[in-house]
Amino acid sequence: MFLVTLIALFVAMALVLCRLYTGPMVYDRILAANFFGTAAVLFIAVLGFFNGRPDFLDIALLYALINFVGTVATLKFFRYRSLGDARPGMD
Amino acid sequence: MAETIINVVLFSMLVLTALALVRMERLFTIVMLAGVFSLLAAMLFVTLDAVDVAFTEAAVGAGVSTVLYLGTIALTARGCKPSVRPSTVPLLVCIITGAVLIWGTLDMPNFGDAEAPAEVHVAQYYLTESVKEIDVPNVVTSILASYRGFDTLGEVAVIFAAGVGVLLIISRMPGQGRRKDKEDS
């Protein structure tokens with residue numbers, strides 16, 4: 001059953017990669033990269049169960065945090081055009 | 001069998017991402033692709049059971065590097081100039097280097113070989129004696145923090161210096177970066 005889940009996950013990853021390579025808009029690519037992070041979390045979790053070691057689940061949770069950092073930085077870049085503190089006095 | 005399929009799928013995704021990364025010209029897209037590239041590498045490390053290496057790869061490659069690249073783009077330009085010089089010589093150098101590296105792996109022991117030098121040198125000693133000597137249940141921790149303590153101290157110093165340097169660069173420049181951005185728009 002976990003093998004089927006893995007295969008489905010790989011198909012989803014392939015579709016996301018297609019969008020990432022071709023995606024006409026920048027936002028398509030942000031979404032694709034973000035989803036790929038989620039897919040990595042799922043992959044590590046499923047791989048742990050597939051190999052009979054469910055303690056991989058904790059590691060998968062850490063990857064969710066990393067994914068969050070990257071997406072927040074990307075969106076902040078688009079909102080403020082910089083990553084430093086955007087104080088109004090500096091403009 | 002399943003392991004082979006997983007490896008093949010992950011490696012083909014890795015190669016495709018690398019090829020796409022080389023072909024792209026918008027720097028923002030390249031940053032996104034580089035993040036995905038290191039996530040794929042991290043997944044491969046997890047399949048190889050090197051969970052700590054995988055986590056470092058994901059944290060540095062997909063987490064911190066994305067933020068640093070975006071900061072750099074915000075401070076400089078958003079597109080790269082198309083190169084005018086022919087790229088045959090660099091390609092040749094890359095191919096030769098890659099071939100030499102692959103040739104170097106030929107006399108490496110097989111994956112998981114019990115007779116590999118890494119297994120017979122000091123690993124046995126660490127596995128059997130470290131709990132008695134250091135009294136830390138995790139062998140990796142006792143190696144990093146005690147047997148190789150000075151090595152780890154040096155690494156920490158290097159990482160600290162790098163972090164301070166990056167923070168100085170990022171916190172100094174925003175005024176200039178923004179002025180440049182206004183001229184562009």
Side-chain angles (χ1 to χ4, degrees), chain A residues 2-3 6-7 9-11 13-14 16-18 20-23 26 28-41 43-44 46-48 50-51 53 55-56 58-60 62-63 65-78 80-87 90-91, chain B residues 1-3 5-6 9-10 12-13 16-17 19-21 23-24 26 28-40 42-43 46-47 49 51-52 54-55 58-75 78 170-175 177-179 181-182 185:
Chain A
F2 289 122
L3 186 65
L6 265 182
I7 292 171
L9 205 54
F10 279 145
V11 173
M13 280 185 198
V16 167
L17 283 184
C18 288
L20 190 70
Y21 300 154
T22 60
V26 165
D28 293 326
R29 292 194 162 116
I30 296 176
L31 258 182
N34 187 27
F35 179 80
F36 203 85
T38 315
V41 175
F43 171 79
I44 293 165
V46 174
L47 190 79
F50 181 70
N51 289 335
R53 282 187 295 173
D55 31 321
F56 272 31
D58 300 347
I59 301 157
L62 283 174
Y63 280 74
L65 292 176
I66 294 175
N67 197 17
F68 179 71
V69 171
T71 311
V72 166
T74 318
L75 294 177
K76 194 179 173 193
F77 173 75
F78 266 92
Y80 298 109
R81 297 282 166 210
S82 93
L83 290 179
D85 45 355
R87 275 171 291 178
M90 282 175 76
D91 278 348
Chain B
M1 182 60 201
E3 188 103 340
I5 297 175
I6 292 172
V9 171
L10 284 182
S12 41
M13 282 183 187
L16 280 177
T17 311
L19 287 178
L21 221 158
R23 305 294 302 173
M24 294 291 173
R26 291 194 61 182
F28 185 80
T29 315
I30 292 177
V31 172
M32 295 282 104
L33 277 170
V36 168
F37 184 85
S38 22
L39 274 177
L40 277 165
M43 284 192 241
V46 170
T47 354
D49 234 2
V51 184
D52 47 343
F55 189 67
V60 173
V64 179
S65 289
T66 309
V67 177
L68 290 182
Y69 284 147
L70 284 176
T72 315
I73 292 177
L75 295 179
R78 315 186 91 203
I170 285 184
S171 58
R172 270 287 182 78
M173 304 268 287
R178 233 165 260 159
R179 243 174 280 137
D181 234 16
K182 267 176 201 163
S185 53

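Residue numbers start from 1 in every chain, and the chains themselves are labelled A, B, ... in the order their sequence lines are given, proteins ahead of strands.
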What distance separates [X] [atom1] from [Y] [atom2], expressed to the nearest 0.5 Å?
{"X": "B/Leu16", "Y": "A/Leu17", "atom1": "CG", "atom2": "CG", "value": "7.5 Å"}
{"X": "A/Leu20", "Y": "B/Met24", "atom1": "CG", "atom2": "CE", "value": "7.0 Å"}
{"X": "A/Met13", "Y": "B/Leu39", "atom1": "CE", "atom2": "CG", "value": "9.0 Å"}
{"X": "B/Arg23", "Y": "A/Tyr21", "atom1": "CZ", "atom2": "OH", "value": "14.0 Å"}
{"X": "B/Thr47", "Y": "A/Leu47", "atom1": "OG1", "atom2": "CG", "value": "6.0 Å"}
{"X": "B/Leu40", "Y": "A/Phe43", "atom1": "CG", "atom2": "CZ", "value": "9.5 Å"}

With a 4.5 Å heavy-atom cut-off, do B/Val46 and A/Tyr63 have their side chains touching? yes
Looking only at B/Ala54, B/Ser65, B/Ser12, the option with the highest number of non-hydrogen pairs under 4.5 Å against chain A is B/Ala54
Which bit of [X] comes within less than 4.5 Å of chain A, counting heavy atoms only: side chain, backbone, both or neither?
{"X": "B/Asp49", "value": "side chain"}
{"X": "B/Thr17", "value": "both"}
{"X": "B/Val9", "value": "side chain"}

Determine the minimum heavy-atom distance between [X] and [Y], stating which atoms define it.
{"X": "A/Ala14", "Y": "B/Met13", "result": "N-CE, 3.9 Å"}
{"X": "A/Arg29", "Y": "B/Met32", "result": "O-SD, 4.0 Å"}
{"X": "A/Ile66", "Y": "B/Ala58", "result": "CG2-O, 3.6 Å"}

Do the ring planes of A/Phe77 and B/Phe28 sit parallel (below 30°), tilted (30 to 60°) or perpendicular (above 60°)?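 Answer is parallel, since the angle falls under 30°.
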Heavy-atom pairs under 4.5 Å with chain B are the metric here; pick the option from A/Leu62, A/Val69, A/Ile59 that has the most.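 Most heavy-atom pairs within the cutoff with chain B belong to A/Leu62.
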Would you mind telling me which of A/Ile30, A/Leu6, A/Ile7, A/Val16 has the largest number of heavy-atom pairs within less than 4.5 Å of chain B?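 Most heavy-atom pairs within the cutoff with chain B belong to A/Ile30.
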Let me know if A/Phe50 has heavy atoms under 4.5 Å from chain B in its side chain, its backbone, both or neither.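 For A/Phe50, the side chain is the part near chain B, not the backbone.
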